[in-house]
Structure formats: structure tokens, C-alpha cells
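What you see is a predicted model; the values in this text were computed from it and never measured.
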Amino acid sequence: MARKHNDEFKREAVRIALTSGLTRRQVASDLDVGFSTLAKWIQQSKPDDLPPAADIDLAKENERLRKENRLLLEEREVLKKATVFFANQSNLSVM
């Protein structure tokens with residue numbers, strides 16, 4: 001059975017899809033709507049429904065920084081493990 005979403009829900013879904021930094025597929029899943037339904041709402045949205053370009057730019061920058069942060073956290077974990085490994089190696093060679 002198809003659900004009827006009100007206009008406010010649709011506008012908010014479009015805003016989230018365009019500014020959250022999440023993929024549209026993720027937004028659709030989070031909101032429990034079909035991906036094609038969300039895409040249709042975005043396509044049908046009026047220019048005044050859309051967020052300002054500055055918000056979209058901020059969302060893109062936010063997503064870029066999140067990816068960079070994930071990479072840096074992964075690199076830090078590798079360095080921690082390497083530090084422990086080499087500390088153990090130097091302790092073995094002293095004995």
C-alpha cells in the first residue's frame with residue numbers, strides 16, 4: 001500500500017538529501033521512502049524549496065572533511081599498532 005506523505009515531509013526530505021552530506025540512497029533508507037520516490041521529489045521541487053547554494057557547498061565540504069577524518073583515524077590506528085609492534089621488537093632484541 002502506497003503511503004501519502006505531506007508536502008512538509010517531502011520538502012524536508014529534499015532539504016536533507018541536498019544538504020546532509022549523506023548519499024541520497026542513505027537518506028531514502030533513513031526516511032523509509034523509496035530511492036526513486038526521493039529522486040522524484042527532488043526533481044519536482046521548486047527553486048524556493050531548494051537550499052541556498054552556500055548550504056549545498058557547506059554540505060559538500062562537510063562530506064569531504066568526514067572522509068578525510070575517517071582516513072586519518074584509520075592511519076592513526078595503523079600507526080598505534082606499528083608503535084606497539086616495534087616497541088615489542090626492541091624489547092626482544094635487548095634481552
For Ala17 against Ile42, the heavy-atom pair lying closest together: CB-CD1, 3.8 Å

Whether Ser20 side chain and Ile16 backbone form a donor-acceptor pair below 3.5 Å: yes

What pair of heavy atoms forms the shortest contact from Gln26 to Asp30, and how long is it? NE2-OD1, 2.5 Å

Is the shortest side-chain N to carboxylate O distance from Glu8 to Arg11 below 4.0 Å? no

Quick one: closest heavy-atom pair of Ala28 and Leu38, and the distance? N-CD2, 3.8 Å

So, are Glu68 and Arg64 salt-bridged, with charged N and O less than 4.0 Å apart? yes

Is any side-chain heavy atom of Thr83 closer than 4.5 Å to a side-chain heavy atom of Lys80? no

Using a 4.5 Å cut-off on heavy atoms from C-beta on, say whether the side chain of Leu65 contacts that of Asn69. no

Hphob cluster co-occupancy, Leu18 + Phe9, side-chain heavy atoms under 4.5 angstrom: yes

Quick one: pull up OG1 in Thr19 and CG in Asp57 and give me the separation to the nearest 0.5 Å. 12.0 Å

Show the nearest heavy-atom pair for residues Glu63 and Arg70, with the distance to one decimal. OE2-NH2, 4.0 Å

Could you tell me the separation between the CG atom of Asp7 and the OG atom of Ser45, rounded to the nearest 0.5 Å? 12.0 Å

Minimum heavy-atom distance between Leu31 and Ala13, given as atom pair plus value: CD1-CB, 3.5 Å

In this structure, are over 12 heavy atoms from other groups packed under 6.0 Å from Glu77 atom CD? yes

In this structure, CH2 of Trp41 is separated from NZ of Lys10 (nearest 0.5 Å) by 6.0 Å

Taking Thr37 for the side chain and Val33 for the main chain, is one N or O donor matched with an acceptor at less than 3.5 Å? no

